[in-house]
Engineer: 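First, the structure itself, so that you have it in front of you.
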Amino acid sequence: MEGLIAGIVIIGVLALIVLALALHIVRQYEKGVVFRFGRIIGERGPGLVVIVPFINVLRKVSFRIVTMPIQSQGIITRDNVSVDVSAVAYFRIIDATKSVVAIESVEAAINQIAQTTLRKVVGQHTLDEILAETDRINVDIKEILEAETFDWGVLVTIVELKDIQLPETMKRAMARQAEAEREKRAKIIAAEGEYLAASALGDAADIMMAHPLALQLRNLQTLIEIGVDKNTTVVFPGPLMSTIQEMGAFLSRETGAAAKLVDPSVSDRASKPAEGNGARPSSAEASPSA
């Protein structure tokens with residue numbers, strides 16, 4: 001009786017082992033490749049998969065995107081500058097059978113070929129191109145990796161340069177260059193401002209020459225601005241006095257012209273006081289010659 005119970009227990013344990021080897025669960029993001037005596041007989045989708053133990057072997061392959069960092073590589077650019085460049089690559093398996101049969105370790109193979117491709121592509125560009133045209137370099141690396149890994153059943157989705165380390169001497173040189181560039185732009189902007197200001201002042205001078213009273217109005221505005229601070233000092237610009245004289249002479253001429261239009265004899269009477277105000281005639285001019 002005890003031997004029968006032991007036999008049942010052994011049979012039960014063997015049955016559990018056989019079931020464990022025969023039943024497999026393939027997740028939604030996986031596919032199973034079934035081998036029979038070392039030969040592929042097909043692929044199995046997600047769900048419960050039953051195989052014959054010790055005859056069939058199931059290899060599960062994940063179809064999720066894998067993030068693979070590319071170690072920093074010491075690279076000499078086309079203009080002989082030493083830089084350290086690191087990157088990151090994203091890839092996923094699209095053919096389970098090829099990824100199992102064509103290559104032993106997909107991730108290790110892609111890591112190695114990504115490093116060599118990074119050195120080759122970055123070394124073909126100058127330092128300025130590496131810093132300014134990162135997107136184009138990313139596309140070039142991605143296209144090369146796609147061509148190399150297509151036969152492995154792998155699709156490279158994204159390649160991005162992650163970090164670019166420059167020598168300290170190059171950093172200082174670039175800082176000086178950037179500072180000189182900013183100073184150049186500042187001087188150009190200041191010169192353009194001076195040019196625009198000079199042009200505006202020239203236009204204003206032309207307007208004031210055509211309208212003399214405009215200068216007087218500007219002088220009065222300047223006096224108002226000076227008086228804002230409640231200063232006790234009164235400032236009279238030099239042009240103000242000459243402008244007042246010009247206005248007086250202008251009004252005198254206008255008054256004389258208006259009076260002449262009313263009574264022409266006024267001009268004769270107006271000319272006599274002018275003669276009286278002159279120098280006294282000499283004796284040669286006062287008496288006729290003999």
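One is the number of the first residue; the rest follow in order along the sequence.
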Engineer: Is the number of heavy atoms from other residues, nucleotides or ligands under 6.0 Å of Y29 OH greater than 12?
Structural biologist: yes

Engineer: Checking side-chain contact (heavy atoms from CB on, under 4.5 Å) against T149, which of I110, V106, I103 comes through?
Structural biologist: I110

Engineer: Go through it in stages, so that I can follow the logic: the residues are D163 and V85, the test is side chain to side chain contact (heavy atoms under 4.5 Å, CB included), and I'd like the CA-CA distance, side-chain angles, deciding distance and then a yes or no.
Structural biologist: CA-CA 6 Å; D163 189 17; V85 181; over 6 Å; no

Engineer: Please check if atom NZ in K31 has more than 12 non-hydrogen atoms from other residues, nucleotides or ligands closer than 6.0 Å.
Structural biologist: no

Engineer: Is it the case that more than 12 heavy atoms not belonging to L19 sit under 6.0 Å from its CG atom?
Structural biologist: yes

Engineer: Does some side-chain heavy atom of L166 sit less than 4.5 Å from a side-chain heavy atom of M174?
Structural biologist: yes

Engineer: With the 4.5 Å side-chain cut-off for hydrophobic clustering, are L58 and F63 part of the same group?
Structural biologist: no

Engineer: If you draw a 6.0 Å radius around NZ in K162, do more than 12 non-hydrogen atoms from other residues or ligands fall strictly inside?
Structural biologist: yes

Engineer: Could you walk me through whether V34 and V57 pass side chain to side chain contact (heavy atoms under 4.5 Å, CB included), step by step?
Structural biologist: CA-CA 6 Å; V34 180; V57 177; over 6 Å; no

Engineer: I'd like to check I51 versus R36 (side-chain heavy atoms, cut-off strictly below 4.5 Å). Are they in contact?
Structural biologist: no

Engineer: Please check if any side-chain donor atom of N111 sits under 3.5 Å from a side-chain acceptor atom of E107, or the reverse.
Structural biologist: no

Engineer: Assess whether a salt bridge exists between R182 and E179, defined as any Lys/Arg side-chain N lying under 4.0 Å from an Asp/Glu carboxylate O.
Structural biologist: no

Engineer: For the residue pair G45 and V26, what are the closest heavy atoms and their distance?
Structural biologist: O-CB, 3.5 Å

Engineer: Please give me the minimum heavy-atom distance between Q124 and K120, naming the atom from each residue.
Structural biologist: CG-O, 3.2 Å

Engineer: Under 3.5 Å, is there a donor-acceptor pair between the side chain of E30 and the main chain of R27?
Structural biologist: yes

Engineer: Please tell me whether D79 and T77 have a donor and an acceptor in their side chains that are separated by less than 3.5 angstrom.
Structural biologist: yes

Engineer: Report, as yes or no, whether the 6.0 Å neighbourhood of atom CD1 on I94 holds more than 12 heavy atoms from other residues, nucleotides or ligands.
Structural biologist: yes

Engineer: If you group Ile, Leu, Val, Met, Phe, Trp and Tyr by side-chain heavy-atom gaps below 4.5 Å, do I93 and F35 land in one group?
Structural biologist: yes

Engineer: Going from CD1 on I70 to OG on S72, what distance comes out if it is rounded to the nearest 0.5 angstrom?
Structural biologist: 11.0 Å

Engineer: Could you check whether S86 and Q71, counting side-chain N and O atoms only, form a donor-acceptor pair closer than 3.5 Å?
Structural biologist: no

Engineer: Rounded to the nearest 0.5 Å, how far apart are CD1 of I141 and CZ of R136?
Structural biologist: 11.5 Å

Engineer: Nearest 0.5 Å please: distance from the CG atom of L118 over to the CG atom of D140.
Structural biologist: 12.0 Å

Engineer: Determine, using the 4.5 Å side-chain heavy-atom cutoff (strictly less than), whether V122 and M170 are members of one ILVMFWY cluster.
Structural biologist: yes

Engineer: Looking at R78 and E129, is there a salt bridge between them, counting it only when a charged N and a carboxylate O are closer than 4.0 Å?
Structural biologist: yes

Engineer: Hey, what do you get for CD (E160) to CG (N138), rounding to the nearest 0.5 Å?
Structural biologist: 4.5 Å

Engineer: If you measure from the Lys or Arg side-chain nitrogens to the Asp or Glu carboxylate oxygens, is any gap between E183 and K187 under 4.0 Å?
Structural biologist: no

Engineer: Which distance, rounded to the nearest 0.5 Å, do you find between the CG of L127 and the CD1 of I164?
Structural biologist: 8.0 Å

Engineer: Find out whether H125 and I137 are in side-chain contact, i.e. whether some heavy atom of one side chain is under 4.5 Å from a heavy atom of the other.
Structural biologist: yes

Engineer: With K142 as the cation and F91 as the aromatic partner, state whether NZ or CZ is under 6.0 Å from the six-membered ring centre and within 45° of the axis.
Structural biologist: no

Engineer: I17, F54: one ILVMFWY side-chain cluster at the under-4.5 Å cut-off?
Structural biologist: yes

Engineer: Working note: Q165 + V83, criterion side chain to side chain contact (heavy atoms under 4.5 Å, CB included); need CA distance, chi angles, decisive distance, verdict.
Structural biologist: CA-CA 6 Å; Q165 294 290 337; V83 295; over 6 Å; no

Engineer: Would you confirm whether D151, through its side chain, and A102, through its main-chain N or O, come within 3.5 Å as a donor-acceptor pair?
Structural biologist: no

Engineer: Could you please spell out the steps behind the side chain to side chain contact (heavy atoms under 4.5 Å, CB included) verdict for W152 and S99?
Structural biologist: CA-CA 5 Å; W152 304 344; S99 67; over 6 Å; no

Engineer: Report yes if the side chains of L14 and I10 come closer than 4.5 Å at any heavy-atom pair, otherwise no.
Structural biologist: yes

Engineer: Side-chain heavy atoms under 4.5 angstrom apart, residues restricted to Ile, Leu, Val, Met, Phe, Trp, Tyr: same cluster for L161 and M68?
Structural biologist: yes

Engineer: Can you confirm whether more than 12 heavy atoms, excluding those of R119, are under 6.0 Å from its CZ atom?
Structural biologist: yes

Engineer: If you round to the nearest 0.5 Å, how far is OG1 of T117 from CD of E143?
Structural biologist: 12.0 Å

